[in-house]
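Here's the structure we're looking at; comments come further down.
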Amino acid sequence: MGVSKIWVLAEATGGNVATITLELLAKARELADTVECVYGGDASGIAATLGAHGASKVYATGDLGGSLAGVSLATALAAAIGGGNAPDAIFLGTTQDGRDVAGRLSVKLDAPVITNVVDLVERDGALVGVEPIFGGTQNVLTKFTSAKPAIFLIRPKSFAAEESGGAAAAVEALAVGDTGAAGAAKIVNRHVEEKSGPQLDEAAVVVAGGRGLGDSANYQLIEDLAKALGGAPGASRAIVDAGWVPYSYQVGQTGKVVKPNVYIAAGISGATQHLVGMKGSKHIIAVNKDPEAPIFSVADLGIVGDVHKVLPKLLEALQSR
Amino acid sequence: MNVVVCVKQIPDPADPGALDPESKTLKRDGKLILDESDSYGVEMALQLAGDSGEVTLVSMAPNGEVSGLRTALAMGAAKAVLVSDDALKGSDALTTAKVLAKAIERAGSYDLILAATESSDGYTGTVPEQIAEVLGLPSVTFAKAVTIDGTTVKVDRQTEAGYDEVTCPLPALVSVTAGVVEPRYPSFKGIMAAKSKPVDQVTVADLGLDAANVGWAGAGQEIIEVAQAEARQAGEVIEDDGEAFNRVVGFLSDLKII
Ligand SMILES: Cc1cc2nc3c(=O)[nH]c(=O)nc-3n(C[C@H](O)[C@H](O)[C@H](O)COP(=O)(O)OP(=O)(O)OC[C@H]3O[C@@H](n4cnc5c(N)ncnc54)[C@H](O)[C@@H]3O)c2cc1C
Ligand SMILES: Nc1ncnc2c1ncn2[C@@H]1O[C@H](COP(=O)(O)O)[C@@H](O)[C@H]1O
């Protein structure tokens, strides 16, 4: 039988399709003949990009008028699937909206969700999810025992986005229907954090700092180093929770997954939840004063030393080149 | 205002995790503790409930485990509903949500349900939204700030780009991120008081659910294999002698980054 049709949740901000969506499209194309998108919004501005990445069609709700994508899309998808238009699998990114849609839809279809997926393989004609456990030291393969469609929540940076050169996806209306009391939450205002320089999850170089920096003021060193290297600054959760930097800087299981050419970890211990977010980097450099710090087990170049001594000298050397 | 908080009791994350060789799921037979992620929900609930309201905990855990619940009761929650039943072993997130929804209904009248965005040991991050859907409630996930304005909850919801201000009528479910509030440490008085606070321990049957639809029997997914992941090799580790920064410069220049 095999996998013939996959739906991919499309996400976009300000007309730009999210990288995760393009990553999922690349994998879906490899696995199925027909790949279509579902989108909670007006898809006219993104249909070309989705098509260029392999989606033949995008089912779009039109402007949601402040309603949350989770409940709206889940209601719409459940109706479409109930009406007989069912794919073999639905791919959603592990994002805020992806999780909301998956959770709501799973209840509506009484079907489970396979979460934290980093790869998908075909076994006996069905899709099986691969999920890392224990900080990525082991992988678990999970299959659905009966449910269709199979709902997968897939982690960012699991696949490389790639254009396929297709024509713009055909936009087809997706009726939301009545979301009832569950649909009562409304977005009244959106805040976009201004950031200069490359995006954390797209930068070729990431310089990340952790609690070992000692004080929030010292984070400036990380910003300066990132700038000197044309990269993006990142952070461990410890200093995000401490309020030194915004959440958007966080690398790890509950933050961004990054795969830069070079990742520099300064004053970061290397907890498993941090490692799963950066272990896929091509090259890793770590600076930590504790020779036993777990970060050294994944570093190509490890420096046992004080960040307050090593980083200023490094910055000076870079700036004088 | 009455607030129900979903709190998960988990193996201490500081201990090395292990899989049960037979079921290939995480071993949960040792002592369990309150998931740190849920301590934020407990604190938020205590602040929102104020003096006139009550905070009730709901938890699903094996072997009648109450250690984590006692921690949250010591912080100030009034009472708890604990669902513990051998039939629940192997439950997936969807089943967990159905069970917790029943436990929440049993907990009494509520205005708000809080959960964490994801648990530390399972991190499916879907349970809260599934609970909301089972109960037919509106929800706001990924809250980094929560305030109540009359019969409305106002939430700053984290997004990829920044955050959205969301308003939602009560009753509702909100899932909170770490850092939404600073959890208090239980006081000695609180710890003593927690010992006598009521924990309503119930089984699947008490909740009116059929044991054949939960646990392994009800799970719609199955682990078919556990494999060693490709390990990343550690490279060279050097001691800083004052000149180690030069090695970093060399490394970056070899890669033509600089
Ligand atoms: C459910 C869950 C999800 C999580 N998600 C994430 C996540 O997404 N991302 C994440 O990062 N964490 C996450 N964590 C937290 C994680 O477990 C760690 O607590 C966190 O990564 C630690 O941050 P850190 O390395 O900065 O701090 P610490 O662990 O405190 O490490 C500080 C390090 O700095 C070193 N140091 C101190 N002083 C100096 C100095 N002067 N010079 C050099 N080195 C020095 C120390 O030796 C130490 O190794 C999560 C945890 C849980 C439970
Ligand atoms: N067994 C459980 N008992 C109580 N609350 C739970 C349980 N499982 C999940 N939750 C709640 O749902 C959140 C998200 O869990 P998860 O979907 O497993 O990542 C947790 O942080 C808890 O607030």
Side-chain angles (χ1 to χ4, degrees), chain A residues 13 70 95-96 99-100 102-104 106-107 111-116 132 134 136-147 181-193 205 229 241 247 253 262 279 283 285 296-305 309-310 313-314 317-318 321, chain B residues 17 24 92-94 97 118 123-126 129-130 132-134 136-142 144 157-169 172 178-179 219-229 231-232 234-240 244-245 247-249 251-252 255 257-258:
Chain A
T13 342
T95 58
Q96 286 85 358
R99 281 176 157 178
D100 282 6
R104 290 268 175 189
S106 111
V107 174
V113 184
I114 296 184
T115 50
N116 284 297
F134 303 142
T137 51
Q138 291 179 48
N139 285 323
V140 165
L141 271 61
T142 310
K143 70 163 186 184
F144 289 97
T145 47
S146 59
K186 293 278 181 281
I187 300 170
V188 292
N189 217 338
R190 290 183 189 272
H191 296 261
V192 175
E193 278 159 11
V205 178
L229 292 169
D241 286 355
Y247 166 76
Q253 183 184 301
V262 179
K279 243 172 46 158
H283 305 278
I285 301 174
F296 288 129
S297 68
V298 299
D300 301 289
L301 175 61
I303 293 174
V304 179
K309 297 200 174 116
V310 180
K313 284 189 194 160
L314 176 61
L318 293 174
R321 280 172 73 97
Chain B
K24 303 195 188 74
D92 57 19
L94 179 57
E118 65 176 32
Y123 49 90
T124 75
T126 57
E129 197 67 358
Q130 287 167 325
E133 180 65 24
V134 172
L137 291 176
S139 60
V140 191
T141 53
F142 291 88
K144 49 179 230 155
R157 177 177 186 258
Q158 214 151 64
T159 61
E160 296 294 309
Y163 69 95
D164 288 346
E165 285 173 49
V166 182
T167 62
C168 179
Q221 56 194 56
E222 189 186 325
I223 294 174
I224 54 172
E225 196 181 310
V226 180
Q228 209 63 34
R232 200 183 166 105
E236 190 186 0
V237 179
I238 58 167
E239 189 96 30
D240 180 32
F245 73 92
R247 290 293 307 276
V248 180
V249 173
F251 191 95
L252 293 171
L255 290 173
I257 301 268
I258 51 173

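Side chains are part of it too, since the values below use all heavy atoms of this structure and drop only hydrogens, waters and symmetry mates. Letters A, B, ... are given to chains in the order of the sequence lines, protein chains preceding strands, and every chain is numbered from 1.
- Here the side chain of A:Ser297 pairs no donor or acceptor atom with the backbone of B:Ala234 at under 3.5 angstrom.
- Taking the ring pair (Phe, Tyr, Trp, His ring centres under 6.0 Å) definition, one finds that B:Tyr163 meets it with A:His191, sequence neighbours left out.
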Checklist entry - After noting the C-alpha distance and the side-chain angles of A:Arg99 and B:Thr141, does the key distance pass the side-chain contact (heavy atoms from CB on, under 4.5 Å) rule? => result CA-CA 9 Å; A:Arg99 281 176 157 178; B:Thr141 53; over 6 Å; no
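- Contact of B:Ala227 with chain A is made through backbone and side chain together, with heavy-atom distances under 4.5 Å.
- Here B:Pro138 is the residue among B:Pro138, B:Ala172, B:Cys168 with the most heavy-atom pairs under 4.5 Å with chain A.
- In this structure, the portion of B:Ile257 lying under 4.5 Å from any heavy atom of chain A is its side chain and not its backbone.
- For A:Arg190, the parts sitting under 4.5 Å from any heavy atom of chain B are the backbone and the side chain alike.
- A salt bridge does not link B:Asp240 to A:Lys313: none of the charged nitrogens lies less than 4.0 Å from a carboxylate oxygen.
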Checklist entry - Taking it one step at a time, do A:Arg104 and B:Ser139 satisfy side-chain contact (heavy atoms from CB on, under 4.5 Å)? => result CA-CA 10 Å; A:Arg104 290 268 175 189; B:Ser139 60; 2.8 Å; yes
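- In this structure, chain A has no heavy atom under 4.5 Å from any part of B:Ala97.
- Both the backbone and the side chain of A:Leu301 come within less than 4.5 Å of a heavy atom in chain B.
- When each of A:Asp300, A:Ile114, A:Leu318 is scored by its heavy-atom pairs under 4.5 Å with chain B, the top score falls to A:Asp300.
- Of the listed residues (B:Ile258, B:Val249, B:Asp92), the one with the most heavy-atom contacts under 4.5 Å to chain A is B:Ile258.
- Of all non-hydrogen atoms in B:Val226 and A:Gln138, the two that sit nearest each other are CG1-OE1, 3.3 Å.
- Surrounding NZ of A:Lys186 are more than 12 heavy atoms belonging to other residues, nucleotides or ligands, all under 6.0 Å away.
- Looking at A:Ala181, the atoms closer than 4.5 Å to chain B (heavy atoms on both sides) sit in the backbone and in the side chain alike.
- Options A:Ala185, A:Gly136, A:Gly70 differ in how many heavy-atom pairs under 4.5 Å they form with chain B, and the most are formed by A:Ala185.
- Proximity to chain B (any heavy atom under 4.5 Å) is shown, for A:Ser106, by both the backbone and the side chain.
- Residue A:Val262 touches chain B through its side chain alone, counting heavy-atom pairs closer than 4.5 Å.
- Residues that satisfy the ring pair (Phe, Tyr, Trp, His ring centres under 6.0 Å) test with B:Phe251, not counting sequence neighbours, are A:His283.
- When each of B:Glu236, B:Lys144, B:Gln158 is scored by its heavy-atom pairs under 4.5 Å with chain A, the top score falls to B:Gln158.
- For B:Glu118, the part sitting under 4.5 Å from any heavy atom of chain A is the side chain, from C-beta outward, and nothing else.
- Taking A:Thr142, A:Asn139, A:Val205, A:Thr115 one by one and counting their heavy-atom pairs under 4.5 Å with chain B, the maximum is reached by A:Asn139.
- The contact between B:Arg157 and chain A is made entirely by side chain atoms (from C-beta outward), counting heavy-atom distances below 4.5 Å.
- Looking at A:Asn116, the atoms closer than 4.5 Å to chain B (heavy atoms on both sides) all sit in the side chain, from C-beta outward.
- Heavy atoms only, all atoms of each residue included: B:Gln221 and A:Pro112 are closest at OE1-CB, 3.3 Å.
- A:Ile187 CD1 to B:Thr159 OG1: the interatomic distance, rounded to the nearest 0.5 Å, is 9.0 Å.
- Of the atoms belonging to B:Ala132, heavy atoms from both backbone and side chain fall under 4.5 Å from chain A.
- Scanning all heavy atoms of the two residues, the minimum distance from B:Ala219 to A:Thr145 falls at O-OG1, 3.6 Å.
- In this structure, the side chains of B:Leu94 and A:Val113 stay at 4.5 Å or more apart for every pair of heavy atoms.
- Heavy-atom pairs under 4.5 Å with chain A peak, among B:Val134, B:Thr126, B:Ile224, at B:Ile224.
- Interface remark: A:Asp241 contributes side-chain atoms only to the contact with chain B (heavy atom separation under 4.5 Å).
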